[in-house]
Amino acid sequence: DTGVSQNPRHKITKRGQNVTFRCDPISEHNRLYWYRQTLGQGPEFLTYFQNEAQLEKSRLLSDRFSAERPKGSFSTLEIQRTEQGDSAMYLCASSPRGSGRARGTDTQYFGPGTRLTVL
Amino acid sequence: EDQVTQSPEALRLQEGESSSLNCSYTVSGLRGLFWYRQDPGKGPEFLFTLYSAGEEKEKERLKATLTKKESFLHITAPKPEDSATYLCAVHFGGTYKYIFGTGTRLKVLA
């Protein structure tokens with residue numbers, strides 16, 4: 001078990017460009033979350049997948065943001081027409097099937113994040 | 001509005017000086033409260049899950065407790081390697097969303 005991996009670790013782009021990040025969850029984890037974290041703040045929820053189904057999206061996820069998990073394994077987060085305000089750490093977390101199910105909640109395990117800088 | 005507030009924002013301790021971090025929440029239908037440790041430039045590292053008031057969890061020098069309105073993370077005889085930001089998060093019914101606090105930045109001096 002190698003943990004959640006994210007690529008790239010760092011991305012510098014110019015305003016207006018599109019970027020895509022990838023998250024590989026812990027194997028056999030069927031639940032996947034994306035968060036955004038800015039300096040001095042806690043992670044902010046962006047979206048949640050259970051297998052390949054995207055079950056919840058935050059209002060923070062504007063129409064410039066899209067996330068996919070096509071085969072229920074890895075996931076991608078794309079930001080179109082990037083703005084300077086998109087500069088942040090983008091975190092992915094996964095959770096195993098049934099973890100905390102009896103309690104109706106999941107324990108999430110985070111990846112190292114992708115640091116995005118928009119110039 | 002559902003909120004999670006952590007205090008203090010920052011804390012400096014001498015090595016061996018025990019203290020507590022606070023996480024207060026105003027959500028209904030709490031499903032779980034989570035504590036994470038985050039080192040600079042890294043993703044949060046899971047520490048504890050607490051499900052109901054009165055529950056306690058321990059790991060090495062850390063002990064987490066939960067009441068109906070708040071959680072405490074007690075650090076006993078901390079060491080410099082305990083320096084990090086400690087985050088709490090809550091999950092409540094009716095949503096898949098987890099709400100994080102802004103964290104407490106802990107610095108333990110040798």
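Throughout, protein chains are lettered first and strands after them, A, B, ... in sequence-line order, and every chain is numbered starting at 1. Computed from heavy atoms alone, side chains included, the values below leave out hydrogens, waters and symmetry copies.
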[atom1] of [X] to [atom2] of [Y]: how many Å apart, nearest 0.5 Å?
X: A:Gln108; Y: B:His91; atom1: CD; atom2: NE2; value: 8.5 Å
X: A:Leu55; Y: B:Thr95; atom1: CG; atom2: OG1; value: 10.5 Å
X: A:Thr47; Y: B:Lys97; atom1: OG1; atom2: NZ; value: 12.5 Å

Going only through I, L, V, M, F, W and Y residues with side-chain contacts under 4.5 Å, is there a path from [X] to [Y]?
X: B:Trp35; Y: B:Phe72; answer: no
X: A:Phe74; Y: A:Ile26; answer: no
X: A:Met89; Y: B:Phe46; answer: yes
X: B:Leu47; Y: B:Leu106; answer: yes

(message) Looking at A:Pro43, is its backbone amide N or carbonyl O close enough to the side chain of B:Tyr98 to form a donor-acceptor pair, meaning the two atoms are under 3.5 Å apart?
(response)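 No, B:Tyr98 side chain to A:Pro43 backbone: no donor-acceptor pair under 3.5 Å.
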(request) Against chain A, label B:Glu45 side chain, backbone, both or neither, depending on which of its atoms sit under 4.5 Å from a heavy atom there. (result)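 When you check distances to chain A, no heavy atom of B:Glu45 falls under 4.5 Å.
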(message) Surrounding NZ of B:Lys57 (heavy atoms of other residues, nucleotides or ligands, distance under 6.0 Å), is the total greater than 12?
(response)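 Buried by this count: over 12 neighbours within 6.0 Å.
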(request) Using a cut-off of 6.0 Å, state whether more than 12 heavy atoms not belonging to B:Glu81 lie near its atom CD. (result)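 More than 12 heavy atoms, drawn from other residues, nucleotides or ligands, come within 6.0 Å of this atom.
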(message) Below 30° counts as parallel, above 60° as perpendicular, anything between as tilted: where do the rings of B:Tyr96 and A:Tyr48 land?
(response)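 Correct class here is parallel.
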(request) List the atom of A:Leu91, the atom of B:Pro44, and the distance in Å for their closest heavy-atom pair. (result)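 Closest approach of A:Leu91 to B:Pro44, heavy atoms only: CD1-CD, 3.9 Å.
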